[in-house]
Amino acid sequence: MARQPRQVFTRFALAAAIASVLPTGRGLAQERDRSKIPDKYKWNTADIYPSEEAWRAAKERLLAEIPKLKGFRGALGSSAGRLADALELLTQLNKELARAYVYASMLSDEDTRVSKHQGMQQEMVQVNAQLGGEAAFIEPEILKTDRATIDRFVASEARLKPFRLYLDDIQRRRPHTKTDAEEKLLATASVITTGPSSIYGVFSDADFPYPTVTLADGQKVKLDSSTFSVARMSANREDRQKVMSSFFGALGSYRGTFGATLNSQIQSDIFYARARDYPAALEAALDGPNIPKSVYTRLVDGVNKHLPTFHRYLKLRQKMMGVSELHYYDLYAPLVASVDVTYTPEEAEKHVLAALKPLGADYTSVLAKAFSERWIDLLPSEGKRSGAYSNGGAYDVHPFMLLNYNGKYTDVSTLAHELGHTMQSYYSNKQQPYATASYPIFVAEVASTFNEALLIDYMLKNIKDDATKLSLLGNYLEGIKSTVFRQTQFAEFEWRAHEIAEKGQPITGEVLDTLYADITKKYYGHDKGVAVVDDYIAHEWAFIPHFYRTYYVFQYATSFTASAALSEKVMAGDPEAIKRYLAFLGAGGSKYPIDLLKDAGVDMTTDEPLELTMKKMNRVMDEMEKLLAAKK
């Protein structure tokens, strides 16, 4: 979309770190018919609009208001008041568009098979393109006004103060801002360039012919995205191998289609980068939030340097599982087979509230409202969007969360994770004007992984059983594996795939298979005998929806390392660290992301966050090895 004071689509999908498991004993998530799931486990969309009719009326009002932007063309530099009027109108339109989009997307995500709700979401994409087209003149016109005049306007008109960073940012991005006509064309093109993501979503969530496998106990399981995440964690090794080979084999059968959609996404990225005179799509993606390219390359290089630490974890996993050869299909199995603890939703709520108590009574009181006032769509159901996310885009309402809760510790951790997003959205929306409320994606995963760190610290302090402690420590290592190593692996794959396309070379399913297999084998030490990456793993890239959010995944890893540094200080009881962290949650997008994190107490332009994370990872492995030795 066109650059405007606030990004409209503020969805936060969970990283591949989410790992659902087979529910046992309590019947959690057994009911797949949404109509039979109790309302207390479903979000309340009526908080946004009371009905679909009300949504449509809001959409029509929005469409009627958008043409008013034309009245400001040619007048933005005439006075401070005129500029403030234009930006306030644009902000209001963006806010209403975001609210309407959130509602439509939530209905669509409840059941991706319902074409009516898919249509509503598509309507909002079209409205977004229309708004972007009408607003396309704003930034080029502001650039025609000299910097001194803009500074004078801001000093004299209080209504412009919320737009200070936005106005400064326009000047910073001057070399990449086009003429009015070109900006309008780029904004209008968003209807087309969102196609790859939409096609992938519908195909993978609703239309893909997922395979059915028969497990060792005779149970037949259709392996869709949610049940695959459950079944790959089976304690039965034959089942794990069968599940993974069947699932990825099915993806591989359609690698031509998946390759075409991902190629379209990559070509779209390249189109926008070249249209705005960036040397490559990576620089274009990072320039929006003003993140130095070195942060990205430093992460990839640093994680590659620390692969021996990752391989130490993989060897520890092999030892604990008692297998002569560790395979990729073993990576999601329980580390401690005798521990099979499940948590009801009510127990999960209790543990999360207790774990996050160090952040204060106000923080936990809002968390309690999230549970009691139905901000959360908790349980899986047929056709529901896979994974989990928090959406804070309905500024005047409250954030909403989608999960697919299956009752294991990983699901409790996912709940804490998404509540981190929710609380950052809640505080930012309460403390910031709309123009600066949306926090940058680069910092989005800090609050979520911060909550995970507090949760596991609380659980370890309150569990006496060594086997359960080992299991939770293993879960912590799984978090590092999935959020630091795996996401950086994805980031390297995404970077190399774009480089191939930017050289004019073809991007096909076969090319992507080869690239993904090579990178995965390097990360998992395939050629060093650390873990066997079976041939069908080459198709896994087709399972990752994040590749349709350009250069998004690396931010999971950077956020995890940032939160590791910050959470250590909070768990040590440092009141100033808690104060700085809460201020960070409410800061929204009032500064560039690197500066937001510096204020919170961590510098992401250095190696320190990753180095601290690796040290903690080694400490956890030391502790696990001591517990294992004591069992002998």
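One is the number of the first residue; the rest follow in order along the sequence.
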With salt bridge (charged side-chain N to carboxylate O under 4.0 Å, His left out) as the test, would you mind laying out the steps for Glu625 and Arg312 before giving the verdict?
-> CA-CA 11 Å; Glu625 287 171 349; Arg312 179 189 175 190; 3.0 Å; yes

Between His311 and Tyr524, the two heavy atoms sitting closest are NE2-C, 3.9 Å

Qualifying residue, where the test is salt bridge (Lys or Arg N to Asp or Glu O under 4.0 Å) with Glu611 and the options are Lys305, Arg298, Lys616 | Lys305

Below 4.5 Å, heavy atoms only, C-beta onward: do Gln265 and Tyr200 meet side chain to side chain?
-> no

Per the ring-ring contact (aromatic ring centres under 6.0 Å, His included) rule, which among Tyr551, Tyr556, Tyr552, Phe547 passes with Phe490?
-> Phe547

Is the number of heavy atoms from other residues, nucleotides or ligands within 6.0 Å of OH (Tyr41) greater than 12?
-> yes

Would you say Thr227's side chain and Lys222's backbone share a donor-acceptor pair under 3.5 angstrom?
-> yes

Residues Thr613 and Thr561: side-chain donor-acceptor under 3.5 angstrom | no

Phe493 vs Leu512 side-chain heavy atoms within contact, under 4.5 Å = yes

Looking at the rings of Trp495 and Phe554, which for Trp means the six-membered one, are their centres under 6.0 Å apart?
-> no

Which heavy atom of Arg240 sits nearest a heavy atom of Ala235, and at what distance?
-> NH1-O, 3.3 Å

Could you tell me which non-hydrogen atom of Ile500 sits nearest to which non-hydrogen atom of Pro506, and how far apart they are?
-> CG2-O, 3.8 Å

In terms of side-chain heavy atoms, does Thr112 have a donor or acceptor partner in Gln118 at a distance below 3.5 Å?
-> no

So which heavy atom on Lys481 is nearest to which on Leu331, and how close?
-> NZ-O, 3.6 Å

Does the side chain of Phe543 reach to within under 4.5 Å of the side chain of Ser204, using non-hydrogen atoms?
-> no

Look at the side chain of Lys42 and the backbone N and O of Ile37, then say whether any donor-acceptor pair between them is shorter than 3.5 Å.
-> yes

Considering only NZ, NE, NH1 and NH2 on the basic side and carboxylate oxygens on the acidic side, decide whether Asp330 and Arg232 come within less than 4.0 Å.
-> no

Spacing of NZ belonging to Lys384 relative to CZ belonging to Arg34, to within rounding of 0.5 Å | 6.0 Å

With under 30° as parallel and over 60° as perpendicular, where do the rings of Phe247 and Phe228 fit, or are they tilted in between?
-> parallel

Okay, side chain of Thr520, backbone of Ala517: is any donor-acceptor separation there less than 3.5 Å?
-> no

Full working for side-chain contact (heavy atoms from CB on, under 4.5 Å) between His498 and Asp269 = CA-CA 9 Å; His498 278 79; Asp269 299 338; 2.8 Å; yes

Just by modelled atom types, is the Ala104 backbone N or O under 3.5 Å from a matching donor or acceptor in the Ser108 side chain?
-> no

Would you check if the side chain of Glu418 reaches a backbone N or O of Ser390 as a donor-acceptor pair within less than 3.5 Å?
-> yes

Look at the aromatic rings of Phe208 and Phe203 and report parallel, tilted or perpendicular, splitting at 30° and 60°.
-> perpendicular

Other residues, nucleotides, ligands: >12 heavy atoms within 6.0 Å of Glu238 CD | no

Decide whether Arg385 and Asn404 meet the rule of one side-chain donor and one side-chain acceptor closer than 3.5 Å.
-> no

Thr344 side chain to Gly407 backbone, donor-acceptor under 3.5 Å | no

Flag side-chain contact, heavy atom, 4.5 Å: Tyr405 against Val412 = yes

Establish, from distance only, whether the side-chain atoms of Thr342 and Tyr409 form a donor-acceptor pair under 3.5 Å.
-> no

Side-chain (Ser268) to main-chain (Ser264) donor-acceptor, under 3.5 angstrom | no

Tell me, which pairs form a side chain to side chain donor-acceptor pair (under 3.5 Å) where one or both residues lie in residues 525-540, sequence neighbours left out?
-> His327-Asp534, Tyr328-Glu540, Arg486-Glu540, Asp513-His539, Tyr516-Glu540

Quick one: do Leu107 and Met120 satisfy side-chain contact (heavy atoms from CB on, under 4.5 Å)? Show the steps, please.
-> CA-CA 9 Å; Leu107 290 185; Met120 290 170 62; 3.9 Å; yes

Report the C-alpha distance between Lys626 and Glu623 in whole Å, list the side-chain angles of each, state the deciding distance to 0.1 Å, and finish with yes or no for salt bridge (charged side-chain N to carboxylate O under 4.0 Å, His left out).
-> CA-CA 5 Å; Lys626 288 178 183 177; Glu623 186 173 349; over 6 Å; no

Could you tell me whether the side chain of Glu492 and the main chain of Val300 form a donor-acceptor pair under 3.5 Å?
-> no

Considering all heavy atoms, the nearest Glu445-His417 contact = OE1-NE2, 3.1 Å

Quick one: side chains of residues 467-474, donor-acceptor pairs under 3.5 Å with protein atoms, not counting sequence neighbours, listed by atom name and distance.
{"from": "Thr468", "atom 1": "OG1", "to": "Asp465", "atom 2": "OD2", "distance (Å)": "2.8"}

Please confirm whether the backbone N or O of Ala542 pairs with a side-chain atom of Arg255, one donor and one acceptor, at under 3.5 Å?
-> no

Any donor-acceptor pair under 3.5 Å from Thr488 side chain to Phe485 backbone = no

Is a side-chain donor-acceptor pair under 3.5 Å present for Ser35 with Asp33?
-> yes

